[in-house]
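What follows is one structure encoded as structure tokens, with my remarks underneath.
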Protein chains: 2
Amino acid sequence: MISENDKIAQIRFGENLKKLRIERGLSYRKMAYTCSVDNSKISKIEKGRVNITLNTMLQLAEALQIHPSELLNY
Amino acid sequence: MISENDKIAQIRFGENLKKLRIERGLSYRKMAYTCSVDNSKISKIEKGRVNITLNTMLQLAEALQIHPSELLNY
DNA sequence: TTGATTGCGGACTTTCTAGACCGCATTTAT
DNA sequence: ATAAATGCGGTCTAGAAAGTCCGCAATCAA
């Protein structure tokens, strides 16, 4: 079951992801191209609509060329 | 589909989790008690047998009383 | 102003996590 | 020697993530 706190965490994570992506001048599609995560999925993650898994996080970090832990530094 | 790299990442994550848990003198069951993650699940995570989600990571971090990003600092 | 790019959401199938519980062999305490 | 604690694996259901593709309005570029 998804608690309210969980949703908030997802939204925060998404906001941070968006910030990092924009900083690098990447569009959803460009980013998707380099990390095998579909562009629509990236949109959903940034909007806090999914409870992302570790492996997906690592793929995003690779596309952004950052250390995975940075995704949680917010 | 779970790639070989994914499995390796899960195993690394698990090893780090184990280190952090042991450092705090917590058993599976004690830790489970404070984070509503079943003790058998913690075992599976430490063994790299599951692709944990963000929310579960946050619960583990809370039980360990660390910042979530530390779970990825390995 | 035409064409491309972008953000974002819907829909669908497959695969796997979450969550809860059981059991047991081994280690650790009493 | 006995009891408790611990590590760790298995099993089952429900629901959600992964993965893939379509579509469209709005913005941007030629």
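Below, read A as the first sequence line, B as the second, and so on, with proteins coming before strands; counting in each chain starts at 1. Side chains are part of it too, since the values below use all heavy atoms of this structure and drop only hydrogens, waters and symmetry mates.
- In the helix from dG3(C)-dC28(D) to dT30(C)-dA1(D), the rotation axis of the first five pairs and that of the last five pairs differ in direction by 50°, rounded to 10 degrees.
- Between the CG atom of D6(A) and the C1' atom of dA18(C) there is a distance of 11 Å, given to the nearest Å.
- Atom P of nucleotide dA18(C) and atom CD of Q10(A) are separated by 12 Å, given to the nearest angstrom.
- Taking 4.0 angstrom as the limit, R49(A) places a side-chain polar atom (N or O) nearer than this to OP1 or OP2 of dG10(C).
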Exercise for review: Could you give me the CA-CA distance, side-chain angles and deciding distance for S43(B) and S40(B), then say whether side-chain hydrogen bond (donor to acceptor under 3.5 Å, both in side chains) is met?
Suggested key: CA-CA 5 Å; S43(B) 166; S40(B) 73; over 6 Å; no
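- Salt bridge E15(A)/K19(A): absent, no basic N to carboxylate O contact under 4.0 Å.
- Distance M57(A) CE to dA17(D) C1': 14 Å, rounded to the nearest Å.
- Between T53(A) and the phosphate of dT17(C), there is no side-chain N or O to OP1/OP2 separation shorter than 4.0 Å.
- Between the CD1 atom of I22(B) and the P atom of dA5(D) there is a distance of 18 Å, rounded to whole Å.
- The pair E4(B)-K7(B) meets the salt-bridge criterion, since a charged nitrogen lies less than 4.0 angstrom from a carboxylate oxygen.
- Residue K47(A) places its side chain closer to dG9(C) than to any other of dG9(C), dT17(C), dG7(D).
- In this structure, OH of Y28(B) is placed 14 Å from C1' of dT27(C), rounded to the nearest angstrom.
- A heavy atom closer than 4.0 Å to some atom of DNA chain D occurs in N39(B), S40(B), S43(B), K44(B), these being the qualifying members of residues 33-46 of chain B.
- Within 3.5 Å, a donor on the side chain of R29(B) pairs with an acceptor on the base of dG7(D), or the reverse.
- Between R21(B) and dG7(D), a side-chain N or O to OP1/OP2 separation shorter than 4.0 Å is present.
- Distance CG (L26(A)) to C1' (dT5(C)): 14 Å, rounded to an integer number of Å.
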Review item, side-chain donor-acceptor pairs of residues 61-68 of chain B, under 3.5 Å, at least two apart:
residue: H67(B); atom: ND1; partner: S69(B); partner atom: N; Å: 3.1
residue: H67(B); atom: ND1; partner: S69(B); partner atom: OG; Å: 3.0

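- In this structure, CG on L26(B) lies 10.5 Å from CG on L20(B), to the nearest 0.5 angstrom.
- Rounded to an integer number of Å, the gap from CD of E15(A) to P of dC8(C) is 12 Å.
- Remark: K30(A) is in phosphate contact with dT6(C), judged by side-chain N or O atoms under 4.0 Å from OP1 or OP2.
- Between I52(B) atom CD1 and dA17(D) atom P there is a gap of 14 Å when expressed in whole angstrom units.
- Q10(B) and R49(B) make their closest contact through NE2-C, 4.0 Å (heavy atoms, listed as atom of the first residue, atom of the second, distance).
- Residue-environment remark: OH (Y33(B)) stays at or below the threshold of 12 foreign heavy atoms within 6.0 Å.
- In this structure, D6(A) contributes its side chain and N55(B) its backbone to no donor-acceptor pair below 3.5 Å.
- Smallest separation of non-hydrogen atoms from M57(B) and L71(B): O-CD1, 3.2 Å.
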